[in-house]
Number of protein chains: 4
Amino acid sequence: MSKHLPPANPFDDDKLKEECGVFGVIGLKDAANFVALGLHALQHRGQEAGGIVCHHPEHGFNSARRFGYVRDNFTKESLMKTLPGPLAIGHVRYSTAGSKGAVIRDVQPFFGEFSMGGAAIAHNGNITNALALRKELIERGSIFQSSSDSECIIHLMARSLQRNIPERMEDALRRVEGAFSIVAMTRTKLIGVRDPLGVRPLVLGKLGDGWVLSSETCGLDIIGAEYIREIKPGEMVVITAKGGIESVYPFRPQPSRFCIFEHVYFSRPDSIIGNQSVYETRRQIGVELARENPVDADLVCAVPDSGTPAAIGFSQESGIPFAMGIIRNQYMGRTFIEPTEQIRNMGVRLKLNVNRALIKGKRVILVDDSVVRGTTSRKIKEMILDAGAAEVHFRIASPPTAWPCFYGVDTPQREKLLAANMSPDEMAEHLAVDSLKFISLDGLYRAVGEANGRDKDCPQYCDACFSGEYPVAPSDMIEQGFEVEAAE
Amino acid sequence: MSKHLPPANPFDDDKLKEECGVFGVIGLKDAANFVALGLHALQHRGQEAGGIVCHHPEHGFNSARRFGYVRDNFTKESLMKTLPGPLAIGHVRYSTAGSKGAVIRDVQPFFGEFSMGGAAIAHNGNITNALALRKELIERGSIFQSSSDSECIIHLMARSLQRNIPERMEDALRRVEGAFSIVAMTRTKLIGVRDPLGVRPLVLGKLGDGWVLSSETCGLDIIGAEYIREIKPGEMVVITAKGGIESVYPFRPQPSRFCIFEHVYFSRPDSIIGNQSVYETRRQIGVELARENPVDADLVCAVPDSGTPAAIGFSQESGIPFAMGIIRNQYMGRTFIEPTEQIRNMGVRLKLNVNRALIKGKRVILVDDSVVRGTTSRKIKEMILDAGAAEVHFRIASPPTAWPCFYGVDTPQREKLLAANMSPDEMAEHLAVDSLKFISLDGLYRAVGEANGRDKDCPQYCDACFSGEYPVAPSDMIEQGFEVEAAE
Amino acid sequence: MSKHLPPANPFDDDKLKEECGVFGVIGLKDAANFVALGLHALQHRGQEAGGIVCHHPEHGFNSARRFGYVRDNFTKESLMKTLPGPLAIGHVRYSTAGSKGAVIRDVQPFFGEFSMGGAAIAHNGNITNALALRKELIERGSIFQSSSDSECIIHLMARSLQRNIPERMEDALRRVEGAFSIVAMTRTKLIGVRDPLGVRPLVLGKLGDGWVLSSETCGLDIIGAEYIREIKPGEMVVITAKGGIESVYPFRPQPSRFCIFEHVYFSRPDSIIGNQSVYETRRQIGVELARENPVDADLVCAVPDSGTPAAIGFSQESGIPFAMGIIRNQYMGRTFIEPTEQIRNMGVRLKLNVNRALIKGKRVILVDDSVVRGTTSRKIKEMILDAGAAEVHFRIASPPTAWPCFYGVDTPQREKLLAANMSPDEMAEHLAVDSLKFISLDGLYRAVGEANGRDKDCPQYCDACFSGEYPVAPSDMIEQGFEVEAAE
Amino acid sequence: MSKHLPPANPFDDDKLKEECGVFGVIGLKDAANFVALGLHALQHRGQEAGGIVCHHPEHGFNSARRFGYVRDNFTKESLMKTLPGPLAIGHVRYSTAGSKGAVIRDVQPFFGEFSMGGAAIAHNGNITNALALRKELIERGSIFQSSSDSECIIHLMARSLQRNIPERMEDALRRVEGAFSIVAMTRTKLIGVRDPLGVRPLVLGKLGDGWVLSSETCGLDIIGAEYIREIKPGEMVVITAKGGIESVYPFRPQPSRFCIFEHVYFSRPDSIIGNQSVYETRRQIGVELARENPVDADLVCAVPDSGTPAAIGFSQESGIPFAMGIIRNQYMGRTFIEPTEQIRNMGVRLKLNVNRALIKGKRVILVDDSVVRGTTSRKIKEMILDAGAAEVHFRIASPPTAWPCFYGVDTPQREKLLAANMSPDEMAEHLAVDSLKFISLDGLYRAVGEANGRDKDCPQYCDACFSGEYPVAPSDMIEQGFEVEAAE
């Protein structure tokens with residue numbers, strides 16, 4: 001099977017992409033099967049590859065890494081039989097922008113054998129000083145097997161002078177910078193860590209006598225586990241099957257800066273973040289958007305599928321009827337052979353179709369979650385106009401995306417971001433639409449529950465992709481010439 | 001690759017299933033590529049297998065038949081190169097209920113070599129006297145290569161005394177009974193036929209100098225073809241690349257009886273039937289449903305994905321807010337290994353998740369398109385209640401499905417149909433929901449545009465699955481003991 | 001897996017190729033497993049594809065057809081479980097020269113459903129009037145599903161007026177001309193037939209209570225069956241599990257003309273033909289060859305692997321030591337990417353290597369079984385000379401192959417046969433070898449046991465490839481312009 | 001494709017197995033293609049998996065590792081295109097006895113990134129102190145990615161204080177013990193090493209401007225390279241494309257101890273070792289065997305295929321005719337489903353067949369290369385007797401194999417070796433043959449060219465498998481309890 005699967009989201013190639021999801025289980029028979037289910041629920045966080053490592057008292061550590069969907073790989077009895085034991089962790093990932101050609105040895109979790117036993121580790125996020133660490137470790141005699149930033153942690157652990165693995169991990173974590181939610185395991189322990197700012201999510205759940213770690217609560221739901229709490233920013237939990245949970249805080253405390261884009265797009269709408277339904281937050285974004293940027297029109301339509309909750313909110317606030325003006329093809333594929341040049345916008349047609357009879361002669365509001373390169377927005381506008389719409393108004397459920405993310409999200413280079421080069425009005429003109437409006441940064445903060453909007457002196461979230469204010473200096477990138485010129 | 005793909009619709013196993021889609025192109029370079037695209041757009045009509053036959057003046061007839069999705073098979077350059085020429089037809093199919101184990105030789109189109117040249121044929125529907133015809137043909141020395149009813153037509157054509165293929169097809173068609181929309185081809189002609197009642201759909205389109213036949217208009221949209229008209233009930237069109245279209249009417253004229261379930265579920269919402277948008281018809285069904293069966297509640301939710309247009313209509317008519325209470329997993333799979341018995345309703349959890357934070361404490365109206373066996377309705381109710389809903393009210397966008405279809409739709413045996421055994425109130429009690437209401441047959445007819453409802457003496461549609469009134473006697477089935485006792 | 005497997009014989013592309021092997025079993029539990037083993041033993045008779053049809057009283061007829069080796073397909077438990085019952089037949093085949101691109105529906109056995117039940121048929125050989133029969137049958141309304149000559153027999157049977165299947169087969173056989181050894185089956189009978197001249201082999205064996213038909217005795221050996229006798233030319237045996245064997249003779253009696261090339265090359269050396277060991281016959285050919293064409297030399301080497309028995313005989317008769325001068329690579333492959341043009345004779349090097357240290361400075365006799373196009377002979381000579389041989393003398397264990405075979409053997413067109421264009425001396429000069437000698441036709445007849453050589457008036461064997469005397473007129477070929485100008 | 005391929009040698013499971021072959025090329029365009037060819041020629045040294053690493057000035061290092069035959073993997077254009085550049089090394093391997101389940105990360109060559117650039121390494125042999133080294137390295141913070149002994153060398157190199165890679169390798173080699181022939185590469189250099197005793201082979205060749213390293217000369221022949229010389233025991237050659245070859249000697253000099261079993265079985269008969277043809281040496285072993293152990297009989301037959309040269313020699317010395325009494329099936333497979341228990345010795349029948357007509361009533365000498373467990377000898381004897389042989393005499397072309405090899409050969413545990421438990425006469429009785437004789441150790445030494453036989457004080461070869469005298473202490477094995485009690 002090809003490594004390159006059709007994406008479940010039709011406009012993946014014009015979206016910011018979460019790079020990873022992590023999941024771990026301890027204290028449940030055949031833990032790897034639970035991990036497979038959890039990863040399936042987290043598949044939207046990474047579709048390129050998945051991996052599971054597990055441990056069984058008799059059969060030791062075992063692992064499997066595969067390109068492709070969890071459902072196509074980790075459902076085979078022959079494979080799952082090779083993954084026994086009550087303790088397992090797993091990982092799904094996207095390919096990162098820079099890598100040319102994925103290789104299986106880059107697929108997490110990573111495993112290392114120490115003198116006191118083995119350990120496996122998987123993370124969601126990005127270590128911003130990984131290149132510097134790698135250089136230093138190679139000079140001291142470490143052999144790297146992958147191009148992944150995560151492998152640094154294993155090598156730092158191997159060289160720690162501590163006598164047990166969790167303490168070695170603490171040693172290692174104190175050397176790394178960036179955004180990371182980690183699940184790790186030894187022969188007897190499941191470990192979860194969030195970076196000091198808590199940029200990426202990680203939640204704790206309970207099922208029977210077992211404990212579960214998951215990037216999102218939807219991973220708990222699929223196995224029927226109870227949601228207990230979020231892992232705190234800077235917290236490291238060490239869980240044993242019998243002894244329960246112990247918390248340590250390896251880092252200097254800092255105010256948290258959770259990624260606000262998880263609310264906008266990355267997380268699944270049925271997940272809960274900080275006691276808020278993601279769906280409800282998105283609907284509320286639509287409400288704010290309608291208040292900030294009203295327009296007279298006949299229909300509110302979503303750009304499927306991620307724009308739907310905000311479109312519903314926009315409709316409810318504005319009183320303009322919500323309708324399915326664009327229908328997604330459930331059997332998407334990318335790679336049909338174009339028979340001739342006669343088919344305009346063939347790429348988009350494979351993914352969706354305009355509801356012509358509905359759209360014809362109407363003034364249409366299109367609600368989308370974000371504008372990255374703008375290539376998709378242009379094609380959708382064309383299809384809507386081809387179908388006979390009278391007017392097309394874009395309403396975007398996030399502020400202009402003007403800065404790349406260095407914390408585990410795949411973003412184009414800055415010069416490719418439409419908002420890095422144009423004002424919203426220029427963008428509207430560029431896309432030739434009747435209007436194009438974004439929610440304000442303050443409006444977004446209000447929608448996620450900050451009644452007073454963004455605190456300029458100490459923002460409650462990481463919003464670097466909108467503001468250019470990077471809460472952790474991306475030191476490897478700066479070394480390579482990236483200029484952080486914070487938006488004033 | 002496995003023959004058994006995850007379904008794109010999460011509740012496929014508890015739905016009536018359209019068995020086929022057909023598509024044909026003449027007069028366009030590399031016609032097979034257009035057919036592949038058209039079949040991709042018709043994939044919802046049959047997911048088990050697909051086939052294409054084409055003809056090239058130099059390379060003659062070529063064909064390919066494959067199990068699995070169109071996007072996984074007919075996108076490979078190596079395969080498509082073997083399908084050259086300006087004339088091609090194709091077919092997607094479901095497996096029929098009765099067959100034990102699919103074999104590739106049952107995959108259409110069928111091909112036959114006659115003394116005046118070859119012909120290929122594919123159809124959507126069911127020939128109700130196929131077994132009797134088959135018996136007769138075997139006794140006269142025909143060798144059947146498949147278990148498909150369609151092969152009869154080829155053998156009847158082989159034995160016709162006519163000197164050209166279209167006339168041989170007319171001969172053959174006069175012997176067959178049932179519901180069928182056919183696309184066929186000779187070396188130089190594309191042929192389309194609808195049965196005298198016009199039970200199954202077939203439309204004509206135009207792209208540049210070429211002509212297109214498709215089960216639905218969404219197949220025209222994907223290739224950018226213009227929708228010209230429907231093929232008429234009982235019409236046979238014979239199209240040549242240069243000479244255009246000729247119509248003949250091989251059958252005795254009859255009032256048309258189009259399948260009303262195409263409006264309810266089979267067709268894609270972005271298709272147009274008889275100048276009506278399918279999406280708009282379904283929304284209107286929701287409106288009628290809200291009028292006939294109002295209920296006091298907090299939220300209107302759709303059972304994804306097919307219930308959504310009716311749910312929107314219900315919300316608009318009732319004023320109760322529409323919300324995404326059930327979120328579908330975009331990466332569905334059927335076959336995960338159940339780790340223990342701890343996971344309740346695991347099968348359903350793989351496909352969707354309840355939006356717990358939204359549902360909790362609410363009175364929820366669930367709009368679904370139909371109830372077949374009722375197994376899914378029960379599981380969804382349980383998940384909604386587990387998530388803390390205060391009340392659950394089902395509203396069904398079609399009348400009770402009490403009779404099997406013999407016209408090309410895969411239905412369970414009569415005794416498995418919940419509505420064949422219970423009244424709506426008994427069903428509500430059986431499913432333990434607060435209420436369960438169906439749209440009336442007259443309400444459905446109004447929604448599809450018959451202002452005065454159903455004409456009892458001469459119904460405007462085939463509604464046998466609701467009424468038990470079969471417009472064509474299913475003679476093979478009657479031979480096998482099926483009792484047609486029309487509901488009074 | 002690719003359809004195109006590396007050949008087990010290194011010089012397959014410059015050999016005459018037997019096109020088929022057949023095998024059948026009745027009265028043994030899980031008969032298909034025995035058939036798989038038998039076909040494996042007959043794999044040298046056809047490597048492109050294999051098929052098995054079986055019958056079980058409860059599960060009816062089942063079949064499987066696959067491209068590739070028997071060992072790669074018919075060893076899988078999942079497949080073999082679908083082939084139950086005490087009665088089965090099977091077939092292995094080569095592709096025929098003329099066909100462009102193999103298709104699975106051409107793979108035998110063929111199956112037909114008649115009004116009195118089904119029958120399957122497989123054959124080794126060629127029906128020389130197949131095209132004429134096909135034309136006639138199509139005109140009468142038969143639909144052909146393959147391009148194979150064998151399918152004619154099924155259609156002729158379908159149209160027979162007889163009331164049982166063996167008698168229908170007799171009817172059909174009386175219409176066909178050519179060379180054919182058939183195994184066939186009904187629900188309760190195993191049937192074996194040889195054409196009136198007995199051109200192709202077919203033997204009968206017994207294992208426990210069961211009966212076995214096989215192209216060669218090596219197929220009996222692998223399952224431990226006892227060799228009973230050959231089916232006689234013109235004989236049709238009808239075997240039932242309980243009732244034993246019945247013989248009928250549908251054809252007019254004729255003197256037999258067994259294919260003499262089966263002795264030279266086609267059959268396996270461990271098979272027995274007419275009470276003679278094939279190995280011993282080939283050794284005896286080497287003896288005759290040494291007597292007819294002696295030469296002073298240091299070593300006798302075989303062109304592997306088929307030349308070995310004759311080379312041993314040549315060595316024993318001449319007293320010149322036998323040696324392995326050419327070593328075959330056991331892991332042959334055809335399709336390596338040529339790194340540059342630096343590698344001379346790369347194709348041959350992939351298959352074998354000269355034993356340089358042995359050959360250097362020696363006068364070498366190379367014994368090969370036949371010369372077809374001569375391309376291989378040239379390459380081998382070059383390798384031997386590159387390795388430093390002083391002289392190279394070819395001795396060929398068959399007379400010059402100057403005529404194509406139309407009886408189930410894949411031969412190049414006449415103009416490609418080296419011996420059709422040159423005398424042996426011209427061939428020696430063309431190949432630039434020190435000498436090149438063939439066994440005489442009489443010598444070959446003596447080696448196979450005819451002490452007085454060939455009977456010119458009534459030859460004991462079919463030797464058309466050497467003599468141009470075709471015992472059955474190849475009528476389809478003559479229709480297409482082939483000129484039979486018998487060598488005088 | 002399955003990892004478990006049918007073996008090319010029919011009795012692989014009752015043979016000692018060479019574990020690896022190595023090959024390297026510098027200075028030729030598309031070097032990886034040459035390496036693929038070379039590995040194909042060395043496939044007999046390891047059939048489980050193969051790997052290639054290459055370097056291109058622009059595209060850097062690239063690699064591919066695959067389970068299965070070279071011909072099935074490294075012949076695909078899509079793969080070979082990913083392996084550009086003028087410098088490449090490769091490796092084929094067997095699985096080692098102890099490993100449970102092969103994993104791709106154990107497939108060589110291994111690659112390591114050092115601060116001064118990358119290096120790759122592959123070896124044939126075994127490092128006898130690998131476990132001790134591994135333990136030490138892990139304690140110092142190295143992370144091992146495989147279970148292979150070879151990985152130690154990379155980690156030792158990573159920790160060396162030297163400033164260039166060849167010197168780091170010298171550092172590393174001085175820490176390892178055992179038998180090893182290494183090919184390695186940096187960005188610009190091809191490196192070859194043999195251990196101080198020269199236990200395993202490695203030869204140097206030249207093709208155009210390029211240089212080649214290969215385990216055997218047959219690897220040079222396939223690409224048409226000229227054989228230059230053997231790498232000397234203890235020698236390390238460092239080759240650059242332009243500068244040619246430099247030799248260093250990192251080890252303390254010792255008398256050489258080449259593996260005598262390479263002559264008996266491991267090497268291909270068309271290879272040359274120390275100016276001797278392997279084929280000729282084996283023939284000479286047959287001559288010595290006939291002199292030491294004559295017997296009156298009718299036929300000399302080889303156990304195919306490895307016994308053939310010795311059988312020819314035995315026949316020539318004894319005057320008893322050589323014959324092909326056992327015919328090997330060229331399409332061997334292991335895993336047919338046994339239809340019933342009726343088939344005796346089914347496993348052996350899949351691989352070969354006795355030439356019944358030849359054997360019947362004869363006194364047969366069977367020449368085999370070795371007896372390991374004796375399981376195969378017993379089955380062959382039974383088949384020969386079943387075919388009616390009057391007497392069966394085994395003659396074995398090597399002394400009794402009584403000790404395991406720890407130098408890169410897969411041998412059963414000592415207690416499984418028949419000769420560790422029985423005298424030759426007991427073995428004859430155990431196998432129930434008329435006689436069973438082995439060549440003497442002195443006879444074997446004479447056959448390989450030592451006119452005075454074995455030098456007891458300082459044996460010219462490693463013959464530990466016969467004598468129990470291990471030239472390098474197998475320290476890891478001794479640590480695990482193996483008792484080296486040298487044969488008296």
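Nothing here was measured: the structure is a model prediction, and the numbers come from that model. So that the names make sense, note that chain A is the first sequence line, chain B the second, and so on, each numbered from 1.
- With a threshold of 4.5 angstrom between heavy atoms, A:Ile326 does not approach chain B through any atom at all.
- Here B:Asn329 is the residue among B:Ile272, B:Asn329, B:Val354, B:Ile312 with the most heavy-atom pairs under 4.5 Å with chain A.
- Neither the backbone nor the side chain of B:Ala225 comes within contact range of chain A; no heavy atom of the residue lies under 4.5 Å from a heavy atom of that chain.
- Annotation for B:Phe322 and A:Phe322: closest pair CE2-CE2, 3.9 Å, computed over non-hydrogen atoms.
- Taken from CG in B:Asp221 to CG in A:Asp386, the straight-line distance is 11.0 Å, to the nearest 0.5 Å.
- Residue A:Leu350 comes nearest to B:His40 through the heavy atom pair O-NE2, 3.4 Å, listed as atom of the first residue, atom of the second, then distance.
- Proximity to chain A involves both the backbone and the side chain of B:Glu77, based on heavy atoms less than 4.5 angstrom apart.
- In this structure, chain B has a heavy atom under 4.5 Å from the side chain of A:Glu280, while its backbone stays farther away.
- In this structure, no portion of A:Ala32 lies under 4.5 Å from any heavy atom of chain B.
- Looking only at distances, no side-chain donor or acceptor of B:Arg356 sits under 3.5 Å from a matching main-chain atom of A:Asp270.
- Not a single donor-acceptor pair under 3.5 Å links the side chain of A:Tyr279 to the backbone N or O of B:Asn355.
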> Going through the distances and angles, do B:Asn353 and A:Arg268 end up as a side-chain contact (heavy atoms from CB on, under 4.5 Å)?
Replying inline: CA-CA 10 Å; B:Asn353 194 16; A:Arg268 253 175 54 173; 3.6 Å; yes
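- Annotation for B:Pro321 and A:Gln316: closest pair CB-NE2, 3.7 Å, computed over non-hydrogen atoms.
- Side chain of B:Arg349 to main chain of A:Ile223: no donor-acceptor pair is present (N/O by atom type, distance under 3.5 Å, no hydrogens or angles).
- Options A:Ala323, A:Ala387, A:Ala41, A:Gly208 differ in how many heavy-atom pairs under 4.5 Å they form with chain B, and the most are formed by A:Ala323.
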> Going through the distances and angles, do B:Gln330 and A:Asp305 end up as a side-chain contact (heavy atoms from CB on, under 4.5 Å)?
Replying inline: CA-CA 10 Å; B:Gln330 301 184 85; A:Asp305 287 352; 3.6 Å; yes
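- The main-chain N or O of A:Tyr331 is never found under 3.5 Å from a side-chain atom of B:Tyr69 such that the two would form a donor-acceptor pair.
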